[in-house]
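Order of listing sets the numbers, starting from 1, for every ligand and every atom in it. Atom set for the values below is all heavy atoms of this structure, side chains included, hydrogens, waters and symmetry mates excluded.
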Amino acid sequence: MKSIYDLTLPQMEEMMAEHGQKSYRAKQIYSWLYRKKAVSFEEMTDLPASLIEQLKNEYEFLPLRLLEKQVARDLTAKYLFELSDGMTIETVLMHFNFGKSVCVSSQVGCNMGCTFCASGLLKKQRDLTAGEMTAQIMYIQRELEQEGYRVDNVVVMGTGEPFDNYDNVMDFCKTINSDHGLAIGARHITISTCGIVPKIRAFAQEHLQYNLAISLHAPNDELRRQLMPVAHAYPMDELMKALDDYSVENHRRLTFEYILLKGVNDSDAQAVELADLIRGKNAYVNLIPYNEVDENGYHTTDDRTALHFYDILMKHGVKATLRTKHGEDIDAACGQLRARHERADKS
Ligand code: SAH
């Protein structure tokens, strides 16, 4: 059954028309969902009883429920949700000085197979619907509101490849961005992709203001192919060409994500090679400390080497940030909590 959160406002208006209702009803429902945070159709008291009845028969409400929540010492919180079909997904809430950020999952599992990532331990089972992504935000928004906060930023960086679930991710972003939805500014929404070139090109043509982040993790094809199988399908020069075209179309600054893996991609020479690749682009590099995953043998670069890598980028004319770790004492790496949960289930 579809969730009511699956519908963008235009889709809701269309649905109202199909039910012989005036289109303003769609905004009323939207307001119940996203302003008043209703938890059932019955609460929508300004709708005709017959419409409420129809909605109840045709749509489910919140399509997920909380199974487990872990809170780290730095208050980073990880939520394990169960979907209506029993599958599980993870969502992370991070508290930054610039606001509350929620990292949503876009698929159940992931097929991209990045060798360092825990998400790929469990292959993709299915795409998430727009409503299942929106519901992750709504659950946390409700919690935050009780403490006087709200979700300020959304990053589509949880489990899954958003550009392998393009339409649903776009609908989700549209809903949370809508003035009638959660009204989260487009510049506060970030989509992170491993580099699916045709979808980067499609996204560029839509001229949306969401931030685009690219998981790069290597300065050349040879190493990138070892870390990220997607690089076989979309080599570096095609990726960079698509991103240059995106920049021409959109005038938006790109983010390159680069996880520092000890002895793998963190040498001085690789820093120089990375700088040569990025210099001149309207972009910066986000250096990410690696959250170690037991299963795969990669290790985190030590702080001194990380800082040195950062310095080389800056000296070679590339802007970079060196992120600090969050949620180190919980299973915060993409897919970790879920992988542990599924293993426990099977044993
Ligand atoms: N598929 C998308 C979004 C999900 S991954 C993408 O590839 O961008 C989100 C980010 O987390 C990516 O940059 C990914 O490489 C990174 N990541 C995955 N596992 C990690 C780990 N164990 N530690 C730190 N970052 C990780």
Quiz item: In the single-linkage hydrophobic clustering (I, L, V, M, F, W, Y; side-chain heavy atoms under 4.5 Å), do L7 and L51 co-cluster?
Solution: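 Both belong to a single hydrophobic cluster.
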Quiz item: Which pair of heavy atoms, one from P48 and one from R25, lies closest together, and at what distance?
Solution: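 Between these two residues, the closest heavy atoms are CD-CZ, 3.6 Å.
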Quiz prompt | Y34 and Y5 aromatic centres sub-6.0 Å | solution = yes
Self-check item: Electrostatic pair K241-D245, nearest N-O below 4.0 angstrom
Solution: yes
Is there a donor in the side chain of [X] and an acceptor in the side chain of [Y], or the other way round, less than 3.5 Å apart?
X: Q11; Y: D171; result: yes
X: T159; Y: Q107; result: no
X: E143; Y: Y79; result: yes

Pick whichever of [options] has a heavy atom sitting closest to [atom].
atom: atom 4 (C) of ligand 1; options: G158, S192, C117; value: G158
atom: atom 6 (C) of ligand 1; options: P289, S106, S215; value: S215
atom: atom 24 (C) of ligand 1; options: N291, I191, I196; value: N291

Quiz item: Does the side-chain hydrogen bond (donor to acceptor under 3.5 Å, both in side chains) test come out yes or no for Q141 and E145, once each step is laid out?
Solution: CA-CA 6 Å; Q141 172 79 16; E145 270 178 23; 2.8 Å; yes
Ligand 1 atoms in contact with [X] (distance to a heavy atom under 4.0 Å):
X: V293; value: 22 (N)
X: Y290; value: 21 (C), 22 (N), 23 (N)
X: C194; value: 6 (C), 7 (O), 8 (O)

Quiz item: Would you say G160 contacts ligand 1, with heavy atoms under 4.0 Å as the rule?
Solution: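 Distance cut 4.0 Å: G160 passes for ligand 1.
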Exercise. Report yes or no: does H217 have a heavy atom closer than 4.0 Å to ligand 1?
Key: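 Yes, that is the case, since the closest heavy atom of the residue is under 4.0 Å from the ligand.
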At under 4.0 Å between heavy atoms, is it the side chain or the backbone of [X] that contacts ligand 1, or both, or neither?
X: I259; answer: side chain
X: E161; answer: both
X: T159; answer: neither

